[in-house]
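The structure appears below as structure tokens.
When a residue number appears, it is its place in the shown sequence, counting from 1.
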Amino acid sequence: MSESCDAVDEVIAQWRQERPDLDLSAMDVFGRLAQLTRVVESAVERVFTQHGLRPGEFDVLAALRRTGAPYTLTPSELSAALMTSRAGMTNRLDRLEAAEYVERSLDPADRRSFRITLTPAGRDVIDATLTDHAAGLARLLSSASSPEDAATLSRILKAMLAELG
């Protein structure tokens with residue numbers, strides 16, 4: 001079975017010509033991962049846009065939704081969960097509050113802090129977006145790999161992240 005050449009193959013072939021002394025197998029793998037990341041990010045962003053969300057807004061709504069009822073966190077808990085700055089979180093929360101997807105209320109345990117709660121409209125939009133997002137990712141994965149290959153790839157990537165991360 002012959003596989004067609006792609007841009008990564010061309011780059012690797014050029015480097016092999018110029019630097020035959022180097023092992024370029026890692027460049028091959030990571031080059032493909034970078035290309036795949038761009039393809040997936042583009043597809044994911046289209047889904048979010050269809051639902052009127054930016055990626056960061058999706059992340060906030062998803063973080064609230066997956067905590068379970070009452071779907072409430074403090075801004076600092078959200079910032080930590082999403083590994084983002086408090087300033088970036090404030091901008092996201094402002095947009096989500098304006099869209100009536102979240103509400104802010106004073107934290108009864110600490111009146112200097114706020115609690116962010118997912119509204120019913122926010123729950124509806126995150127549930128619809130997540131449904132489309134999961135289906136889109138499943139389509140992308142199943143179009144290019146078997147369930148066994150996907151499980152193997154997941155295991156390999158998990159091990160690499162554990163070792164490198």
Identify whether Leu130 and Val60 are in the same connected component of the hydrophobic contact network (ILVMFWY, side-chain heavy atoms under 4.5 Å). yes

More than 12 foreign heavy atoms under 6.0 Å from CD of Gln35: is that the case here? yes

Val29-Met27 co-clustered via ILVMFWY side chain contacts under 4.5 Å: no

Distance col, row Ile126:CD1 vs Leu61:CG, nearest 0.5 angstrom, shows 5.0 Å

Does the side chain of Leu96 reach to within under 4.5 Å of the side chain of Arg54, using non-hydrogen atoms? no

Starting at CZ of Arg66, measure out to CG of Leu73 and round the result to the nearest 0.5 Å. 9.0 Å

For the student: nearest non-hydrogen atoms of Val125 and Thr129, plus distance: O-OG1, 2.6 Å

Over all heavy atoms of both residues, which pair between Phe114 and Pro75 is shortest? Give the atoms and the distance, please. O-CD, 3.2 Å

Using 0.5 Å steps for rounding, measure from the CZ atom of Arg104 to the OG atom of Ser113. 11.0 Å

Looking only at heavy atoms, which two atoms of Leu78 and Ala63 are closest? And how far apart? CD2-CB, 3.9 Å

Side-chain donor-acceptor distances from residues 84-93 under 3.5 Å, at least two apart:
residue	atom	partner	partner atom	Å
Ser85	OG	Gly88	N	3.0
Thr90	OG1	Arg86	O	2.9

Grab the two heavy atoms, one from Ile12 and one from Asp28, that are nearest each other, plus how far apart they are. CD1-N, 3.8 Å

Is it true that a side-chain atom of Thr72 and a backbone atom of Arg115 form a donor plus acceptor pair closer than 3.5 Å? no

Salt bridge (Lys or Arg N to Asp or Glu O under 4.0 Å) between Arg112 and Asp107, intermediate numbers included: CA-CA 7 Å; Arg112 296 168 297 166; Asp107 184 345; over 6 Å; no

CD on Gln14 to CG on Leu24, rounded to 0.5 Å: 11.5 Å

In short, Ile116 meets Val102 closest at the heavy-atom pair CG2-CB, 3.8 Å

Anything under 3.5 Å between a donor and an acceptor, one on a side chain of residues 151-165, the other on a protein residue two or more places apart or in another chain? List them.
residue	atom	partner	partner atom	Å
Thr152	OG1	Glu148	O	3.0

Residues Leu53 and Glu57: closest non-hydrogen pair is CA-OE1, 3.6 Å

Quick check: does any side chain N or O of Ser143 sit under 3.5 Å from a backbone N or O of Leu140, one acting as donor and the other as acceptor? yes

Between the side chain of Glu18 and the main-chain N/O of Trp15, is any donor-acceptor distance below 3.5 Å? no

Answer whether the closest heavy-atom distance between the side chains of Asp9 and Arg32 falls below 4.5 Å. yes

Would a single hydrophobic cluster contain both Phe48 and Leu137, if residues Ile, Leu, Val, Met, Phe, Trp and Tyr are joined by side-chain heavy-atom contacts under 4.5 Å? yes

Which value, rounded to the nearest 0.5 Å, describes the distance between Glu97 atom CD and Thr119 atom OG1? 10.0 Å

Would you say the side-chain atoms of Ser42 pair up with the backbone N or O of Val39, donor to acceptor, closer than 3.5 Å? no

So which pairs with a foot in residues 126-139 pass salt bridge (Lys or Arg N to Asp or Glu O under 4.0 Å), sequence neighbours left out? Arg65-Asp127, Arg123-Asp127

For the rings on Phe58 and His133, is their centre-to-centre separation under 6.0 Å? yes

